[in-house]
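All values below were derived from every heavy atom in this structure, side-chain atoms included, with hydrogens, water molecules and symmetry-related copies excluded. Because the structure is predicted, anything quoted here is derived from the model rather than measured. Throughout, a chain's letter reflects where its sequence line sits, starting with A, and its residues are numbered from 1.
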Protein chains: 2
Amino acid sequence: MKKKSIKDIAQELGYSKTTVSFVLNNKGDEKNISKKTQEKILAYVREVNYQPNQIAKSLKKGKTNTIGYLIPDISNPFYAKIGRLIEDLLADKGYHLIIGSTDETQEKEDLLLNMFVNRQVDGLILASSFENLGMLNTLAAQRFPMVFFDREHPDFFGNYILVENKNAMKGAVQNAIKHGSKKIGLLSITPNVYSLELRIDGYREALSENEIDIDDHLIRIVDNNNLKESTKAQLQYLIDEQVDAVVFTNNQITAHAIWAMNIFHKEKIEDVRFVSFDNLDLFDYSQPKVTSVAQPIEKIANYTVDILGEVMNEKEHISKRIVLEPKLIERL
Amino acid sequence: MKKKSIKDIAQELGYSKTTVSFVLNNKGDEKNISKKTQEKILAYVREVNYQPNQIAKSLKKGKTNTIGYLIPDISNPFYAKIGRLIEDLLADKGYHLIIGSTDETQEKEDLLLNMFVNRQVDGLILASSFENLGMLNTLAAQRFPMVFFDREHPDFFGNYILVENKNAMKGAVQNAIKHGSKKIGLLSITPNVYSLELRIDGYREALSENEIDIDDHLIRIVDNNNLKESTKAQLQYLIDEQVDAVVFTNNQITAHAIWAMNIFHKEKIEDVRFVSFDNLDLFDYSQPKVTSVAQPIEKIANYTVDILGEVMNEKEHISKRIVLEPKLIERL
DNA sequence: GTGAAAGCGCTAACAC
DNA sequence: GTGTTAGCGCTTTCAC
């Protein structure tokens, strides 16, 4: 049973493709197709379970109703949750998501960007690593609808939905200092991401404003390709340095560190305060407790979709930068 | 700057569309296009950064190189992780994923299934809720390439990648009994999913084989639409019933229950053993500790993609049912 | 070695 | 009220 096309329907019913097409697209009345004809066509279409070919429609209309979702890793709960929220918001408007995980490598990012363009996605939602602005600049020059979230690049001008990174982190670290922490280490992934740099800056500022010497040895970078083991090793280093607090720049490392702490440093668990950017449910009860900076993910998703909608509709070039306020959740 | 098409390239270079198309598809040699022409075309294409329109190609070829990934919720770490593995495996073959989250509702599932068909996906990977077989039967009758994982339906004949549910759960519960648990409750989501029923059956069998009375009041179903709060409430019920162990049919409820246990039943935390289907890193150190049945997610992803590849290539109808062995991780 | 032309399934301007 | 037709961008058969 080959798939039926509009042409088949038209022939079998003795109408033209046009008439059938109009009726299928609810333009029957507008185009003065008689009620009777409309009903006949609709009934038949339902009977044979005709499914329009969205690809042909897309080609004709130059619009695919798909959006590319480019992030470091869809299995990271932060991107998965925002992805889910975006999926639902877009579905209401008839759009669907193609996903692409970059693993923070420029190579995969470029490959995926190309793929999205080839597939004629109508827009792009991206947490880019911004290692290389090449393709992004090209797309921006063509006014390709894009909205960036979570990550930014100071030299790239575009639509951003972000959270306050520096001050939020600063506040979280100051909170730890207020509660007595004096020797504070930091663990981060790839710091060549501007948003993460800002978080690290916030950490530095908090220390210097409280007259704590910044010791660069206490700022440890974990290996992206081996997050869990590397986090364990770097945490070990900080423990050996006898820190009384550790700051994490995202929740994935924090989760791994909680694991490492419980498995390998159980005896020190009361002596080290954890502070994390991003929240996780388990921070409510984990040992050690984790004071965290919670990002407003619903708002992020809402704004992202809203702005993308605007960009796709507007002929004019808009460039908004929306910075949301994260929330400090103190857990002592 | 309008996007260039093959036609533009051909005109600007003084060749025909055919020649350009051949060269672009690496058929230059095969079609006896002169080396010189080939180089000229390739150089120009690179210079103007020509991007082929995948939609047009798809329409012509009847193949979109996209796969639909239909699951209950992409923000569930289990589906996100498998999704990520599948994404990578498929990317190597030039396929990409469109995602669809059903929230376990038939309405959304049917909507998404239709969407996938309209979009002419080449295949479908699904963790269906199987509430209603209607659309799936239709697709199966058309030999639409589909591979099911995680969930099965006894009346639906298709390609399945599953894990042993009943015996694995039985083993986990027996393990708890061996270590002294006597009054064992169970918490599950929507049990109208066959795979979950099997897990519950495993629980029942373990009890009866050990001469523990099965008390249906101790089998609690949580509300899907309000997982966290409902889990808390149902857990409360079991605690009040003074169970000495609780069994969970998936990791999401277990995580919520750990949270509820720590926040609301801290004093009982030593008295209740947790047993969970699905694993989570945090089970290594959470209070209470969780003995879990870990699914082999890499294998699931690999088999799923392999079988889907076979189905898409074969003209013949194959129907494989692969049942993988999960691993019991005892944590006491 | 290269090109003309048909056609994938659909939409929509224009005709009658 | 309904039909004819061109064309979206690409592939591929057949011709020269």
Side-chain angles (χ1 to χ4, degrees), chain A residues 1-42 44-45 48-66 94 117-122, chain B residues 1-42 44-45 48-66 94 117-122:
Chain A
M1 186 177 73
K2 219 189 129 288
K3 243 182 239 171
K4 283 204 190 309
S5 72
I6 274 203
K7 197 175 151 197
D8 300 323
I9 307 278
Q11 272 171 2
E12 286 157 26
L13 246 40
Y15 288 107
S16 75
K17 292 194 300 172
T18 315
T19 307
V20 177
S21 173
F22 283 154
V23 172
L24 287 179
N25 291 289
N26 286 319
K27 293 189 185 157
D29 293 337
E30 177 190 334
K31 299 289 180 181
N32 288 319
I33 314 286
S34 72
K35 277 271 168 268
K36 219 167 132 186
T37 304
Q38 292 199 40
E39 276 159 28
K40 227 155 100 188
I41 292 174
L42 288 175
Y44 188 69
V45 152
V48 301
N49 188 30
Y50 164 75
Q51 300 288 1
N53 183 327
Q54 175 72 35
I55 297 296
K57 203 179 237 175
S58 295
L59 178 59
K60 176 70 196 175
K61 295 242 211 174
K63 187 164 186 303
T64 56
N65 280 276
T66 79
V117 171
N118 292 170
R119 283 169 187 260
Q120 318 291 118
V121 297
D122 296 330
Chain B
M1 187 175 73
K2 222 190 126 285
K3 242 183 238 172
K4 283 202 191 311
S5 73
I6 275 202
K7 196 175 150 197
D8 301 322
I9 307 277
Q11 272 172 0
E12 287 157 25
L13 246 40
Y15 287 106
S16 75
K17 291 194 300 172
T18 316
T19 307
V20 177
S21 173
F22 283 155
V23 173
L24 288 179
N25 290 290
N26 286 320
K27 292 189 186 157
D29 293 340
E30 177 190 332
K31 298 290 180 178
N32 288 319
I33 313 287
S34 71
K35 276 269 166 272
K36 219 168 134 188
T37 304
Q38 294 199 39
E39 276 159 27
K40 227 156 99 188
I41 291 175
L42 288 175
Y44 188 69
V45 151
V48 302
N49 189 30
Y50 164 74
Q51 299 288 0
N53 183 326
Q54 175 72 37
I55 297 295
K57 202 178 238 176
S58 295
L59 178 60
K60 178 70 197 172
K61 295 235 201 179
K63 187 164 185 302
T64 56
N65 280 276
T66 80
V117 171
N118 291 171
R119 282 170 186 260
Q120 317 289 118
V121 298
D122 296 331

Q. Side chains of B/T19 and B/S16: is there a donor and an acceptor less than 3.5 Å apart?
A. yes
Q) Checking all strands, does A/I6 fall into the base, sugar-phosphate, or nothing category for heavy-atom contacts under 4.0 angstrom? A) sugar-phosphate
**Q.** Residues from residues 24-32 of chain A lying under 4.0 Å of DNA chain C - heavy atoms
**A.** A/N25, A/K27
**Q.** Stretch residues 53-63 of chain B: residues that reach within less than 4.0 Å of DNA chain C through a heavy atom
**A.** B/L59, B/K60
Taking the side chain as C-beta and beyond, is there a heavy-atom pair between [X] and [Y] under 4.5 Å?
{"X": "B/K57", "Y": "B/N25", "answer": "yes"}
{"X": "A/N53", "Y": "A/K3", "answer": "no"}
{"X": "B/L13", "Y": "B/V20", "answer": "no"}
{"X": "B/R119", "Y": "A/T66", "answer": "yes"}

Q) Can you name the residues that form a side chain to side chain donor-acceptor pair (under 3.5 Å) with B/Y50, not counting sequence neighbours? A) none
Q) Earliest and latest nucleotide of DNA chain C, 5' to 3', sitting under 4.0 Å from a non-hydrogen atom of chain B? A) C/dG1 to C/dG9
So, for [X] and [Y], which heavy atoms are closest and what is the spacing to 0.1 Å?
{"X": "B/T64", "Y": "B/V121", "result": "OG1-CA, 3.6 Å"}
{"X": "A/P52", "Y": "B/Q120", "result": "O-OE1, 4.3 Å"}
{"X": "A/S58", "Y": "B/I55", "result": "CB-CG2, 4.0 Å"}
{"X": "A/G28", "Y": "A/Q38", "result": "C-NE2, 3.2 Å"}
{"X": "A/N65", "Y": "A/Q54", "result": "ND2-NE2, 4.2 Å"}

Q: For A/K4 and for B/S34, locate the closest nucleotide of DNA chain C by heavy-atom distance; then report the residue assigned to the nucleotide nearer the 5' terminus.
A: B/S34
Q. How close or far is atom P of D/dC10 from atom CZ of A/R119, stated in whole angstroms?
A. 15 Å
Q: List for me each residue that meets salt bridge (charged side-chain N to carboxylate O under 4.0 Å, His left out) alongside A/K36, sequence neighbours excluded, and say none if there are none.
A: none
Q: Tell me, yes or no, whether the heavy-atom count around A/K7 atom NZ, taken from other residues, nucleotides or ligands under 6.0 Å, exceeds 12.
A: no
**Q.** Nucleic acid contacts of residues 10-23 of chain B, taken as heavy-atom distances under 4.0 Å to DNA chain D
**A.** B/K17, B/T18, B/S21, B/F22
